[in-house]
Number of protein chains: 2
Amino acid sequence: MLVIYTTDMRKEASTNAINEKFLFQTCELNSALNVISGRWKAQIIYSISLGNNRFNLIRKELPNLSEQVLGRQLKELETHAIIVKRILPDTVPTGIEYILTSKGLALIPILSSLCDWGKTYEEGKEIYHL
Amino acid sequence: MLVIYTTDMRKEASTNAINEKFLFQTCELNSALNVISGRWKAQIIYSISLGNNRFNLIRKELPNLSEQVLGRQLKELETHAIIVKRILPDTVPTGIEYILTSKGLALIPILSSLCDWGKTYEEGKEIYHL
DNA sequence: ACAATAACGAACAGAATTGTTAGTGATCTA
DNA sequence: TAGATCACTAACAATTCTGTTCGTTATTGT
């Protein structure tokens with residue numbers, strides 16, 4: 001049986017992957033959610049927007065997040081063009097600054113609404129009417 | 001070694017679960033994303049808002065979605081009070097209608113913005129500036 | 001010479017999500 | 001009486017995601 005792997009080791013021909021692709025084609029909503037719904041990602045985007053734009057600044061804010069996982073998530077955000085890296089001059093060891101692209105910046109008000117939504121309908125706060 | 005399972009079989013003491021909880025407590029944004037980021041979920045919410053509010057109507061719109069998976073996702077949306085079920089009178093076999101709660105309805109404009117964001121910054125469309 | 005720093009990458013293991021197979025109950029239709 | 005319909009649930013397998021261990025580069029401080 002032939003199994004095809006992509007570079008990031010996802011199976012292209014699995015039902016799971018096919019369904020994901022189907023949703024991406026059905027509505028951009030689904031690809032958008034895909035970009036921001038990974039563990040830590042929305043929080044990282046938010047942190048950068050607040051000025052925590054260095055690797056170790058993010059680490060300090062999110063102490064449970066390991067260096068390796070942070071590196072991976074940042075790379076994925078970069079792949080989706082949410083952030084770009086900038087090498088800081090005259091730093092040693094070389095410092096990197098993360099900057100939100102216009103695409104990333106456009107996400108902030110949406111994340112903010114989601115946050116408000118969460119606060120409004122917090123457990124026990126909401127009134128279940130139609 | 002003691003392993004603790006919750007009723008839905010998630011491990012309460014895994015790093016994964018601990019980190020998830022941490023994020024939920026850090027910002028409501030994360031719990032909000034948790035509610036809508038499951039496979040098919042946002043699409044289901046959107047479909048219901050458009051009037052496809054019956055089990056088989058959703059199935060028809062999303063042909064790759066199996067009955068079993070749909071049932072599970074609907075149940076989770078119900079658990080998070082995004083939808084409620086209503087038994088339709090004088091139907092046989094008993095028909096069920098899904099209705100968005102106020103909580104669920106409040107999500108629609110946000111999903112809509114996310115969709116617009118996706119359309120605007122679609123692959124190859126965006127200009128990568130800062 | 002050795003530890004420290006910033007920012008990761010690869011490979012693997014454990015956990016969680018998604019999909020699949022089988023089966024439920026009540027009621028109508030052929 | 002068998003088959004169809006609606007709307008599911010439980011258990012299991014396949015797939016994907018998250019976290020962990022180990023290692024890297026290049027420079028500076030001790």
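Quick note: numbers below take in every heavy atom, side chains included, and nothing from hydrogens, waters or symmetry partners. Naming convention: chains lettered A, B, ... in sequence-line order (proteins, then strands); numbering from 1 in each chain.
- Summarising the geometry, the separation between CG on A:L23 and C1' on C:dG19 is reported as 14 Å, rounded to the nearest angstrom.
- The side chain of A:R54 has C:dA7 as its nearest neighbour among D:dG19, C:dT18, C:dA7.
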Donor-acceptor pairs under 3.5 angstrom involving side-chain atoms of residues 109-116 of chain A: please list them, not counting sequence neighbours.
| residue | atom | partner | partner atom | Å |
| --- | --- | --- | --- | --- |
| A:S113 | OG | A:P109 | O | 2.8 |

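- B:S49 is linked by a side-chain contact (heavy atoms from CB on, under 4.5 Å) to B:L100, B:I108, counting only residues two or more places apart in sequence or in another chain.
- The side chain of A:T15 contributes an N or O atom lying less than 4.0 Å from OP1 or OP2 of C:dT20.
- Listed by first and then second residue, the salt bridge (charged side-chain N to carboxylate O under 4.0 Å, His left out) pairs involving residues 38-53 of chain B are A:E20-B:R39, B:K41-B:E76 (not counting sequence neighbours).
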Taking protein heavy atoms under 4.0 Å as touching, what does nucleotides 24-30 of chain D look like 5' to 3' if B marks base contact, S marks sugar-phosphate-only contact and - marks none?
--BSS--
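- Within residues 27-42 of chain B, the residues having any heavy atom under 4.0 Å from DNA chain C are, by residue number, B:G38, B:R39, B:W40.
- Of the possible polar contacts, one joining the A:K103 side chain to the A:H80 backbone as a donor-acceptor pair under 3.5 Å is found.
- Listed by chain and residue number, B:N53, B:R86 satisfy the side-chain hydrogen bond (donor to acceptor under 3.5 Å, both in side chains) test with B:E97 (two or more places apart in sequence, or in another chain).
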Sequence neighbours left out, cut at 3.5 Å: what donor-acceptor pairs do the side chains of residues 21-28 of chain A make with other protein atoms?
| residue | atom | partner | partner atom | Å |
| --- | --- | --- | --- | --- |
| A:T26 | OG1 | A:F22 | O | 2.8 |

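- Looking at residues two or more places apart in sequence or on another chain, you find no side-chain hydrogen bond (donor to acceptor under 3.5 Å, both in side chains) involving A:S14.
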Report, one line per pair, each donor and acceptor closer than 3.5 Å where one atom sits in a side chain of residues 62-70 of chain B; sequence neighbours left out.
| residue | atom | partner | partner atom | Å |
| --- | --- | --- | --- | --- |
| B:S66 | OG | B:V69 | N | 3.2 |

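- The stretch residues 55-77 of chain A touches DNA chain C through A:F55, A:N56, A:E67, A:Q68, A:G71, A:R72, A:K75, each having a heavy atom under 4.0 angstrom from the strand.
- Side-chain N/O atoms of A:T91 include none lying less than 4.0 angstrom from OP1 or OP2 on C:dA6.
- With sequence neighbours excluded, the residues forming a side-chain hydrogen bond (donor to acceptor under 3.5 Å, both in side chains) with B:Q43 are A:N30, listed by chain and number.
- Distances shorter than 4.0 Å separate none of the side-chain N or O atoms of B:N19 from OP1 or OP2 on D:dT18.
- Scored by the side-chain contact (heavy atoms from CB on, under 4.5 Å) test, A:K85 finds A:E78, A:I96, A:Y98 as partners (sequence neighbours excluded).
- In this entry the distance linking CD1 of A:I18 with P of D:dT16 reads 10 Å, nearest Å.
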